[in-house]
Amino acid sequence: MTPPVQEGLDTRIHSTFEWVLAKLPSRWGDKIRAATGNRFGIASQIWVGLGGGVTLTLVASLLALGLMTIVNASQREVTGTYMPGMIAAFDVARSSSELVRASPRLIAADTPEDLELVDLDVAREEEFLRTRIGEMTGAGLEGEQQDSVVRLASTLVESIDLIRESVARRMNYRAQVSELEREVLEVTLGTELLLVIEIDDQEFFMETGLRELTDQPAPISARNAPAELDQYRGLLNYQATQNEVSVLIQRALTQDDPGLLQTNRERVTAAMGDLEDALDDLQPATTELFRPSFQALGDLYSAADGIFTIRTLELAELAESEEYLALNEAITNDLLALVQPLVENAEISTQEAADRSATLLQIGWWTILAVNVLAVLAAVFGGWKFFGERLLVRLRHLSDVMRRMSRGELEAKLEIAGNDEVTDMAGALEVFRQHAIEVQRLNLVEALATEVQDKNAELESTLDELRRTQEQVITQEKLASLGALTAGVAHEIRNPLNFVNNFAALSVELIDELREELGLEDESSSNGDGAGPLTAAGDEELTEIVDEILGDLQLNISKVKEHGDRANRIVDGMLAHSRDEAGQIESIDINLLVEEYTKLAYHGMRGTDATFNVTITRELDPDAGRVDGIARDLSRVILNIVTNACQATQMRGKAEGRGYSPTLLVSTEGQGNAVRIRIRDNGTGMPESVVRKIFDPFFTTKSGTQGTGLGLSISHEIVREHEGQLAVDTKDGEYTEFSIVLPRAKAK
């Protein structure tokens with residue numbers, strides 16, 4: 001509700017407004033009623049308030065203008081009589097100081113662009129100095145003083161010009177030094193590269209006896225000959241001396257003291273002599289190889305346009321610039337000494353005029369303060385009675401209702417009395433309130449629809465997650481079925497395999513009995529009764545034939561027994577994999593394991609593709625020895641990697657045809673407490689994008705059902721569980737090499 005005081009004030013204001021209009025001529029009153037809508041609204045109220053404020057401001061301004069006219073007359077005396085000379089004197093002192101301060105900036109400029117920027121500032125300051133000297137000398141200096149000031153200023157400007165020219169020459173020298181530095185770096189790097197190659201070649205020859213890989217190794221006596229040792233020591237000595245020369249030349253490029261630069265030249269000369277001696281100690285061919293770079297390095301430093309000469313000229317220019325800088329400071333001090341008396345006299349006169357102006361300003365200050373106090377009191381009274389009781393009370397009530405409506409209290413009603421814009425706003429807000437109630441109802445319906453859509457999206461996401469989970473379960477079931485199938489196949493193979501092994505053993509015994517019955521056993525096992533039936537018959541040829549056939553038959557049966565035992569071990573491994581049991585840690589012969597499962601992988605490929613073939617090179621280190629581990633797991637690693645290598649060569653062979661020769665290198669190497677296994681093929685290789693993912697589960701580059709993407713992932717996990725390392729080195733389209741490093745014993 002609107003407070004009663006508000007209603008009373010509103011009535012009084014409108015009554016006053018009508019009384020004023022009634023007192024005016026009817027023609028003016030009608031125009032005001034038409035312009036204001038026959039009410040004293042906020043616009044009219046603001047115009048009345050602004051009019052009162054403008055009136056008070058005009059009164060205060062007129063008073064201030066009168067006082068400032070009086071002060072201005074006093075200040076005109078100061079500015080017209082005393083200030084020009086004093087200002088000019090100050091400007092001369094400041095400008096000369098600025099020029100002196102600009103001199104180090106000229107000297108410090110590193111590039112022509114920097115010099116040009118500083119030069120622009122210096123040129124402006126020089127022109128300003130000449131102008132202010134003219135004004136100062138015309139303001140009271142004697143003739144002799146004027147000549148001295150002009151002479152010193154001209155000398156200062158000439159000195160600045162000389163510094164500018166010296167800096168330009170020094171920049172030219174610096175550019176030449178930079179170019180020489182680049183050439184020295186090229187020569188040094190080229191020489192260092194040749195030295196590294198020569199030293200490596202010499203070390204390689206002394207170690208292997210080979211100059212080229214296609215040569216025959218030289219005998220040890222030739223490798224360790226004094227000439228070879230002298231050549232090796234000479235190369236190292238030349239490298240060390242070359243580095244010393246390079247360091248000394250680099251110091252010359254940054255040396256800022258002429259005396260130290262001269263010392264540097266002597267040291268470089270001595271070092272170059274040592275470098276030449278080291279060069280002469282090398283073999284003639286090597287000497288001729290390095291002599292051009294030696295001569296180039298000496299010329300870059302000692303030539304007429306070399307580093308030492310250019311740096312000497314650069315430092316001389318720097319010293320000359322510093323001399324001019326000291327001269328500028330002395331000139332500036334003399335200028336300040338000349339203009340100081342004028343400044344002091346001008347300051348005294350200025351102070352007297354300023355005191356008179358201060359008195360007038362104080363009077364004006366108190367007058368304007370009194371007017372402002374009256375204006376403030378009037379504004380406070382008008383604001384309190386008019387804006388406070390008339391506008392702010394109703395606006396606060398309007399704001400309060402609006403805040404309540406913004407919090408959702410749409411039932412709050414607004415009732416404001418009056419006949420102005422605030423009343424109009426209250427009516428409009430009531431209309432908005434009615435509309436907001438309707439919009440709130442519509443928003444509730446929209447929110448319910450949005451919530452239903454969100455729930456639908458959440459259900460779709462859950463359904464997608466269930467589908468992915470189902471696919472993973474199906475994959476696991478497939479792997480479990482594969483394990484069960486493997487176990488069944490292994491059991492089915494073992495039964496006939498046992499018959500093969502048993503009958504092979506029985507056949508060996510029968511052959512031994514047949515030999516005994518025929519009298520063909522060794523003399524050491526003879527029963528001493530003379531001979532068997534064949535020997536007794538006297539047919540030696542038949543005896544030899546039968547003995548040879550029985551020997552071959554016994555050898556074949558032993559091979560059958562050997563490979564039957566091997567097949568039996570494979571079946572045991574298949575059963576162990578299908579049961580997913582933890583294997584027993586045992587001592588494993590690495591060479592035997594690698595040899596056996598390389599053959600198994602090869603014959604497995606041959607079993608699926610009779611046309612497949614690959615040349616297998618074995619480099620098995622006799623010192624590879626044994627490691628502690630789970631044999632079935634490590635065999636699985638070898639089998640996976642060799643099979644992948646065979647498949648890679650098969651794919652490249654199909655792509656390139658007869659021009660391609662598939663090869664596979666399998667090697668072992670004993671490394672103290674570890675063993676290294678390398679499996680390298682010249683197959684398709686792998687790009688970098690594939691190498692980053694090959695150990696990820698279910699990642700495969702094979703199409704269709706050719707691979708599950710688990711082989712290398714499982715192999716990597718097996719090697720890691722054995723505390724080893726599995727690494728790959730490959731080049732797309734050329735080769736792939738897997739390296740397995742296994743510790744001989746796992747950490748406890």
Step by step, work out the side chain to side chain contact (heavy atoms under 4.5 Å, CB included) result for L726 and I641. CA-CA 11 Å; L726 175 59; I641 296 177; 4.1 Å; yes
Over 12 foreign heavy atoms within 6.0 Å of [atom1], [X]:
X	atom1	result
N673	CG	no
Q176	CD	yes
L193	CG	yes
M206	CE	yes
E207	CD	no

Identify the residue among L248, L253, V247 that makes a side-chain contact (heavy atoms from CB on, under 4.5 Å) with Q250. L253
Between L664 and the options T649, D681, N682, the side-chain contact (heavy atoms from CB on, under 4.5 Å) test singles out D681
[X] vs [Y] side-chain heavy atoms within contact, under 4.5 Å:
X	Y	value
T309	D305	no
S635	L593	yes
I740	L742	yes
R233	L229	yes
S246	Q242	yes
R626	D589	yes
I249	L297	yes
R223	E228	no

Main chain of [Y], side chain of [X]: is a donor-acceptor contact present, judged purely on distance under 3.5 Å?
X	Y	value
N243	Q239	yes
H716	D696	no
S302	D299	no
D623	G670	no
N640	R636	yes

I need the [X] [atom1] to [Y] [atom2] distance, nearest 0.5 Å.
X	Y	atom1	atom2	answer
S293	E192	OG	CD	11.0 Å
Y660	R652	OH	CZ	5.5 Å
L620	S667	CG	OG	8.0 Å

Quick one: do R678 and E737 make a salt bridge, cutoff under 4.0 Å? yes
Can you list, pair by pair, the side-chain donor-acceptor contacts under 3.5 Å of residues 279-290, counting residues two or more places apart and other chains?
| unit_1 | atom_1 | unit_2 | atom_2 | d |
| --- | --- | --- | --- | --- |
| D280 | OD1 | R291 | NH2 | 3.1 |
| T286 | OG1 | Q231 | NE2 | 2.9 |
| T287 | OG1 | L279 | O | 2.9 |
| T287 | OG1 | L282 | O | 3.3 |
| T287 | OG1 | Q283 | O | 3.0 |

At their closest point, which heavy atom of [X] faces which heavy atom of [Y], and how far apart are they?
X	Y	result
Q671	R676	NE2-CD, 3.3 Å
V642	A601	CG1-CB, 3.6 Å
V675	I590	CG1-CG2, 4.0 Å
I307	A252	CG2-CB, 4.3 Å
V690	M686	CG1-SD, 4.0 Å
T730	G685	OG1-CA, 3.4 Å

Taking it one step at a time, do E198 and Q202 satisfy side chain to side chain contact (heavy atoms under 4.5 Å, CB included)? CA-CA 6 Å; E198 288 295 319; Q202 187 65 21; over 6 Å; no
Derivation and outcome, salt bridge (charged side-chain N to carboxylate O under 4.0 Å, His left out), residues E595 and R618: CA-CA 8 Å; E595 174 68 23; R618 298 170 176 83; 2.8 Å; yes
Under 30°, 30 to 60°, or over 60°: which ring-plane class applies to Y301 and F308, parallel, tilted or perpendicular? tilted
Provide the full list of ring pair (Phe, Tyr, Trp, His ring centres under 6.0 Å) pairs with a residue in residues 175-210, sequence neighbours left out, each pair given once. none
How far apart are the C-alpha atoms of V637 and D633, what are their side-chain angles, what is the distance that settles it, and do they pass the side chain to side chain contact (heavy atoms under 4.5 Å, CB included) test? CA-CA 7 Å; V637 174; D633 288 348; 5.9 Å; no
Side-chain donor-acceptor pair under 3.5 Å between T668 and N591, yes or no? yes
Run the side chain to side chain contact (heavy atoms under 4.5 Å, CB included) test on L634 and Y597 for me, step by step, so that the C-alpha distance in whole Å, both residues' side-chain angles and the decisive distance to 0.1 Å come before the verdict. CA-CA 10 Å; L634 294 179; Y597 282 90; over 6 Å; no
